[in-house]
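Notes follow the structure.
If you read the sequence from its start, that first residue is 1, and numbering goes on from there.
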Amino acid sequence: MINRLLVANRGEIARRVFATCRALGVQTVAVHSDADADAPFVAEADQAVRLPGDTPAETYLRVEKILDAARRSGADAVHPGYGFLAENAEFAAAVTDAGLTWVGPPAKVIAAMGDKLAAKALLAEAGVPMLPSWTDTGEVTDFPVLVKASAGGGGRGMRVVRDAAGLSEAVASARREAAAAFGDGTVFIERYVERGRHVEVQIFGDTHGTVAALGERDCSIQRRHQKIVEETPAVVDPELRARLHEAAVAAGRAVDYVGAGTVEFLLAPTGEFFFLEMNTRLQVEHPVTEAVTGLDLVRWQLLVAEGEPLPLGATPPVDGHAIEVRLCAEDPAQGFRPATGTLHRFAIPGASGGFAPTKGLRLDSGVVDGSTVGVHYDSMLAKVVAWAPSRAEAARALAGALAHAEIHGVTTNRDLLVRVLRSPEFGAVRIDTGFLDRHPEVFAPLLPADRLPLAALAAALASAAARRADARVLARLPSGWRNVPAVAQVSRFTGPDGEIEVRYRLDRTGGLAEWSVDPSAADAAPEAADPDPADPDPAGHSATGPGAERSAVALVEAAPARVVLDVDGVRQAFRVHRAGSEVFVDGPDGAATLVELPRHPLPTAAVAAGSLLAPLPGAVTRVHVQVGQRVTAGAPLLTLEAMKLEHQVLAPTDGVVTELPVPVGGQVRTGTVLAVIDGSPAAGDLTPSNPEEDPR
């Protein structure tokens, strides 16, 4: 029996395993980096052991540190979570050799499936259908193809190549990313199937020879080859479902599989399917399987690790439909690059945070209010899961919960997820791995541009109410009161597209007598002029800016955290939350993040014209140009590595590179100057054409 379990992972993964352990009466041990010392998973464990350092390479991926933590804490078993260590055969063998119970498949199985090239050859002999693949670029004649990392997954080290000209660079780039992520830069090339669906089968095996399929999941909605929406059951016909399950079980039996695993397939439009890989771990998307089967898959993992047979009389029936989304800290304005910051508020209405199978809404999260999202780890904040009797109901419930969520302090992919779930194509199951490429409309923010003025007005009114609530002198005066009532109140914010100026005037009863919002107010005067006596609308319920000129707006309620406006006869409530100068507004049409500007700003240091600033913290891994070199718009200047991914920094305009202040290997913070480009016509080219890459 397992009595004390160490979880060799972090965040929501550790919290998920701890939840089952609490239900079973198993004691828990967390390991944590210095950066995670105050994380929720550390507080929830019965014991916690510090792993000195911050980065995964210094902490969570150090086998000797994990084993030492198990020894010091008295753990008798190790669960690797569902990160990279879960597929590390050396780690599994080391845990077993130390006399500890390993919660996962045997090391030999992990090794066999970890080498994707060897796995394809082995399972092809078992009759599992395969795509053609190559290791030599010279053998590739048909395009498009997909370059894949042999040792990893999660979309890292993966590139689509559509012609021979781009193959060599794609292979080199994939090798670098795979080596950084997995410690192994081996890649191979596979035929790329256009409009294929990514369908995977959850399998489970025990030490008594049983291998069972627990249903399939459709994970076709992907960005950068990383899953963002997963659902079960997949919308396929019963005959195809049976063949998928049979192939997955055959793959498991071919390697004497034990524990939880996932066999991934690519489903072609023709109805053919091909093996992609076997993940020898519990998947991030396992909660949707739990939702429709009612099973606790972590409990099954622990029972199998103790030598118990699978508690399975027959394949469990599937009840209803479940959809999961991966909510990630990403900046849509920066091409969905990973984002960092402090989560001032994180709330999903109606969601259960118990990390257990449930009907309705489930939240598996590694963060809470006040959590810091740093640069060292994966950008995923949480998984949000909705179960309902039908697919359409599950999609609607999940989209509604996300749209009404309060996520303040870190930009996320929330709006993208909502638009995908609400899109007619998703509803009609017209989905495949290229879905996002074909539907750019889903990348639009939820809040329409013509509704931003109302959000800004709500922010201004709430901020004024907050100042009144905190006032120590003349606190009984209404907000915005002046000796000269014709002069408007002025608040200035920075918004998604620049500076916004809000002007409003309240009447003697506290009602909104006049308001206007100028979204391009950088040069506006700080005080409004008196209203024009010839104005045909003396009440002045109007806003400058797109689409808002005709709205008649009345103030119903203004409090520090809530503003209610009557817009053309329809009451609309806005939730407002302040954190320092940041103001977060959640309204019926979407959310806005504004930064309130001081009335009398202090002078700040200017950044040189043409400066390219680091979009996020990270390390410069390559410099592609030299000082003095002429570049064209879109040319790669540097490669920045952050959150386990490579990010290219591109020239925004034609010009000459005049500064490259950060060498290869240099660590940068958000806003650090990476390069300076002189785009003036007089800028000269000081280097010969086609210079070699800067050796720094």
We want to know whether [X] and [Y] form a side-chain donor-acceptor pair, criterion being a heavy-atom distance below 3.5 angstrom.
X: Arg72; Y: Gln47; result: no
X: Asp54; Y: Ser33; result: no
X: Gln301; Y: Arg299; result: no

Closest contact, heavy atoms only, [X] versus [Y]:
X: Ala339; Y: Thr411; result: CB-OG1, 3.4 Å
X: Ala573; Y: Arg562; result: CB-NH1, 3.7 Å
X: Val78; Y: Ala8; result: CG1-CB, 4.3 Å
X: Leu457; Y: Tyr504; result: CD1-CB, 4.3 Å
X: Val410; Y: Gly341; result: CG2-C, 3.7 Å
X: Ala401; Y: Pro349; result: O-CD, 3.7 Å

Handout entry: CG/Asp38: more than 12 non-hydrogen atoms of other groups inside 6.0 Å
Key = no
Problem - Neighbour count above 12 (heavy atom, 6.0 Å) for Arg571 CZ - result: no
Pair [X] + [Y], salt bridge at N-O below 4.0 Å:
X: Asp364; Y: Arg15; result: no
X: Asp36; Y: Arg10; result: yes
X: Asp319; Y: Lys359; result: yes
X: Asp369; Y: Arg345; result: no
X: Lys383; Y: Glu12; result: yes
X: Glu406; Y: Arg414; result: no
X: Arg16; Y: Glu290; result: yes

So does [Y] get a backbone contact from the side chain of [X], meaning a donor-acceptor N/O pair under 3.5 Å?
X: His286; Y: Leu282; result: no
X: Asn413; Y: Cys328; result: yes
X: Ser220; Y: His198; result: yes
X: Lys227; Y: Val325; result: no
X: Asp218; Y: Glu231; result: no
X: Ser73; Y: Ala70; result: yes
X: Thr293; Y: Leu295; result: yes
X: Glu58; Y: Thr55; result: yes
X: Arg575; Y: Val563; result: no
X: Arg419; Y: Pro445; result: yes

Say you draw a straight line from [atom1] of [X] to [atom2] of [Y]; how long is it, rounded to the nearest 0.5 Å?
X: Leu640; Y: Thr672; atom1: CG; atom2: OG1; answer: 9.5 Å
X: Gln202; Y: Thr289; atom1: CD; atom2: OG1; answer: 5.5 Å
X: Thr59; Y: His32; atom1: OG1; atom2: NE2; answer: 10.5 Å
X: Leu402; Y: Leu446; atom1: CG; atom2: CG; answer: 9.5 Å
X: Leu381; Y: Ser365; atom1: CG; atom2: OG; answer: 7.0 Å
X: Arg22; Y: Thr28; atom1: CZ; atom2: OG1; answer: 7.0 Å

Handout entry: Parallel, tilted or perpendicular, as decided by the 30° and 60° cut-offs, for the rings of Tyr377 and Tyr60
Key = perpendicular
Exercise for the section: Hey, can you tell me if Phe584 and His577 have their rings parallel, tilted or perpendicular (30° and 60° cut-offs)? Expected result: tilted
Exercise for the section: Begin from the C-alpha positions of Asn9 and His79 and carry the test side-chain hydrogen bond (donor to acceptor under 3.5 Å, both in side chains) through to its verdict. Expected result: CA-CA 8 Å; Asn9 217 302; His79 192 303; over 6 Å; no
Are the side chains of [X] and [Y] in touch, meaning some heavy atoms are under 4.5 Å apart?
X: Leu594; Y: Ile500; result: yes
X: Leu452; Y: Asp497; result: no
X: Ile221; Y: Ile431; result: yes
X: Val502; Y: Trp515; result: no
X: Val583; Y: Phe493; result: yes
X: Ile407; Y: Leu327; result: yes
X: Phe574; Y: Pro588; result: yes

Exercise for the section: Would you please test Leu5 and Gln27 for side-chain contact (heavy atoms from CB on, under 4.5 Å) and show each step? Expected result: CA-CA 6 Å; Leu5 180 72; Gln27 297 180 55; over 6 Å; no
Completion exercise
Exactly one candidate in Val384, Val229, Val284 meets side-chain contact (heavy atoms from CB on, under 4.5 Å) with Glu324; the answer is Val284
Handout entry: is_close_aromatic(Phe443, Phe336), centroid dist under 6.0 Å
Key = yes
Fill in the blank from the handout: Contacts of Arg396 meeting side chain to side chain donor-acceptor pair (under 3.5 Å) (sequence neighbours excluded), chain-then-number -> none
Practice task
For the pair Arg578 and Glu596, evaluate salt bridge (Lys or Arg N to Asp or Glu O under 4.0 Å) and give the outcome as yes or no after the intermediate values.
Solution key: CA-CA 10 Å; Arg578 291 183 61 93; Glu596 188 164 13; 2.6 Å; yes
Exercise for the section: Test salt bridge (Lys or Arg N to Asp or Glu O under 4.0 Å) on Glu393 and Arg391 and set out the steps. Expected result: CA-CA 5 Å; Glu393 290 175 281; Arg391 183 177 186 269; over 6 Å; no
Exercise for the section: Go through the steps to decide whether Arg217 and Glu230 satisfy the test salt bridge (Lys or Arg N to Asp or Glu O under 4.0 Å), and finish with yes or no. Expected result: CA-CA 7 Å; Arg217 301 182 286 253; Glu230 298 114 341; over 6 Å; no
